[in-house]
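Structure record follows, encoded as structure tokens.
In what follows, chains carry the letters A, B, and so on, assigned in the order in which the sequence lines appear, proteins first and then strands, with residues in each chain numbered from 1.
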Protein chains: 2
Amino acid sequence: MRKTNASGRVRRGKNGEAIAEAIRFGPLEYWVGFNLRMAQEHAFQAFSRRSQEIGESPGRFATLTLIARNPGISQTELSHANGRDKSSLTPVVEDLVRRGLVERKRMRAGRGLVERKRMRADRRTYRLNVTAAGKQALTMLTRCARQHERVLDRIIGQRDRKRFLQILKKIAAEVE
Amino acid sequence: MRKTNASGRVRRGKNGEAIAEAIRFGPLEYWVGFNLRMAQEHAFQAFSRRSQEIGESPGRFATLTLIARNPGISQTELSHANGRDKSSLTPVVEDLVRRGLVERKRMRAGRGLVERKRMRADRRTYRLNVTAAGKQALTMLTRCARQHERVLDRIIGQRDRKRFLQILKKIAAEVE
DNA sequence: TATTGTTATACTCTATAACTATA
DNA sequence: TATAGTTATAGAGTATAACAATA
């Protein structure tokens with residue numbers, strides 16, 4: 001069997017010989033939007049493979065990081081922080097708790113250490129924190145992410161990295 | 001009610017006053033992978049809104065463009081071109097055909113115009129082409145995309161655009 | 001045996017709306 | 001009335017495996 005490259009086509013000539021043709025991408029080729037998508041997709045897949053070796057998904061990693069960096073965050077706050085509806089977060093948090101990576105506590109009434117005043121106790125909200133096991137998972141994931149970043153850095157080049165990052169942030173902040 | 005920014009938290013002070021706190025993103029803040037994802041997500045959403053006003057999704061747009069630029073492409077070739085499994089393409093093509101944007105023909109046996117030899121007829125494959133209606137839809141979508149590109153260009157700046165695009169292509173090509 | 005495209009099926013991620021329990 | 005979180009449900013997009021027709 002004859003091989004072609006990944007996005008190649010094989011056309012048969014009039015004598016039945018194989019002719020490899022490249023796929024034409026037309027205007028997509030020059031558009032930032034399309035190439036942004038392609039780059040993200042490839043980078044995401046690469047990191048996905050890496051982090052799945054230690055049994056986590058990139059989404060879980062981001063969630064875990066946000067909880068670790070914002071101890072006691074509520075689920076609604078967390079859903080805002082990563083731009084998803086709160087209902088989408090329910091099964092994620094459930095899973096992290098079930099696996100012992102995150103701890104979920106109801107806000108409880110109590111007394112402040114200094115003042116004798118009763119502290120508020122909103123019994124609708126949960127406070128989220130990472131457990132020791134969660135911290136450990138996070139350490140491994142962070143190591144993964146740093147390796148991945150090194151690969152990306154090598155591709156981008158030290159000279160352009162800073163500016164590239166700035167532009168990515170600018171797009172996220174300003175587009176529409 | 002007091003407002004906070006999109007990713008803000010509200011903590012209550014000891015006197016019950018609202019204290020707005022920013023979410024901390026920790027190392028995510030400085031990682032290319034995370035910011036690449038954020039930028040792509042925002043840009044994609046923006047284009048999605050735009051193209052949905054004319055009843056298409058970004059995915060349909062890419063598929064339609066690939067067919068238009070590669071007339072007679074087969075479904076398997078098409079699935080390679082956008083990096084998805086062929087089975088994922090079946091409902092997409094089905095939908096485009098149903099709505100009259102794409103035409104699907106079996107390869108049929110026939111005679112070449114010049115040679116008298118019988119031409120090959122692989123009756124397993126379909127050849128895909130865009131119809132007149134498909135071309136019309138594509139024209140509108142392309143207009144949309146160009147508007148979207150102008151927004152992105154304005155954010156990126158003329159000076160950095162070329163280099164930015166190069167880096168995106170490099171990431172897609174080289175990562176893992 | 002290998003390939004093209006379909007089908008059956010399932011999984012992930014996401015959203016909306018209705019609900020509960022609080023506030 | 002309003003808010004925090006859950007549940008029920010649905011949709012988009014994807015994949016794997018088995019299959020029929022054809023090569």
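For the pair B:Glu77 CD and C:dT4 C1', the interatomic distance rounds to 11 Å; values are reported in whole Å. C:dG5 atom C1' lies 11 Å from atom CD of B:Glu94, rounded to whole Å. A:Tyr126 places its OH atom 15 Å from the C1' atom of D:dT3, with the value rounded to the nearest Å. With rounding to whole Å, B:Asp85 atom CG is found 17 Å from C:dA8 atom P. Between B:Leu89 atom CG and D:dT16 atom P there is a gap of 15 Å when expressed in whole angstrom units. Counting to the nearest Å, the C1' atom of D:dT14 and the CD atom of A:Glu41 are 11 Å from each other. For the pair B:Glu56 CD and D:dG13 P, the computed distance is 11 Å after rounding to whole Å. Taking atom CZ of A:Arg123 as the reference point, atom C1' of D:dA4 lies 13 Å away to the nearest angstrom.
Each of A:His148, A:Gln45, A:Arg50 was evaluated against B:Glu176; a single residue qualifies, A:Arg50, per the side chain to side chain contact (heavy atoms under 4.5 Å, CB included) test.
Distances shown here put a side-chain N or O of B:Arg84 below 4.0 Å from the OP1 or OP2 atom of D:dT14. Between D:dT6 and A:Arg104, a contact under 4.0 Å exists linking OP1 or OP2 to a side-chain N or O. Distances shorter than 4.0 Å separate none of the side-chain N or O atoms of B:Arg124 from OP1 or OP2 on C:dT3. In this structure, B:Thr90 reaches the C:dT6 phosphate: one of its side-chain N or O atoms is under 4.0 Å from OP1 or OP2. Considering only side-chain N and O atoms, A:Ser88 lies under 4.0 angstrom from the phosphate OP1 or OP2 of C:dA15.
In this structure, the ring of B:Phe25 has its center no less than 6.0 angstrom from the ring center of B:Tyr30.
Residue order along DNA chain D, read from the 5' end via each residue's closest nucleotide, puts A:Pro91 first among A:Pro91 and B:Val92. Along DNA chain C, the nucleotide closest to A:Arg60 and the one closest to A:Arg106 are compared, and the more 5′ of them pairs with A:Arg60.
Stacking of B:Arg106 on the aromatic ring of B:Tyr126 is recorded, both the 6.0 Å distance cut-off and the 45° axial limit being met.
Looking at heavy-atom distances under 4.0 Å, B:Thr76 makes contact with sugar-phosphate atoms alone, never a base. Base engagement by B:Ser87 is indicated by at least one non-hydrogen atom pair under 4.0 Å involving a base atom.
For the residue pair A:Gln147/A:Arg150, the side-chain donor-acceptor check at 3.5 Å is not satisfied. No hydrogens or angles considered: nothing links the side chains of B:Arg37 and B:Gln40 as a donor-acceptor pair under 3.5 Å.
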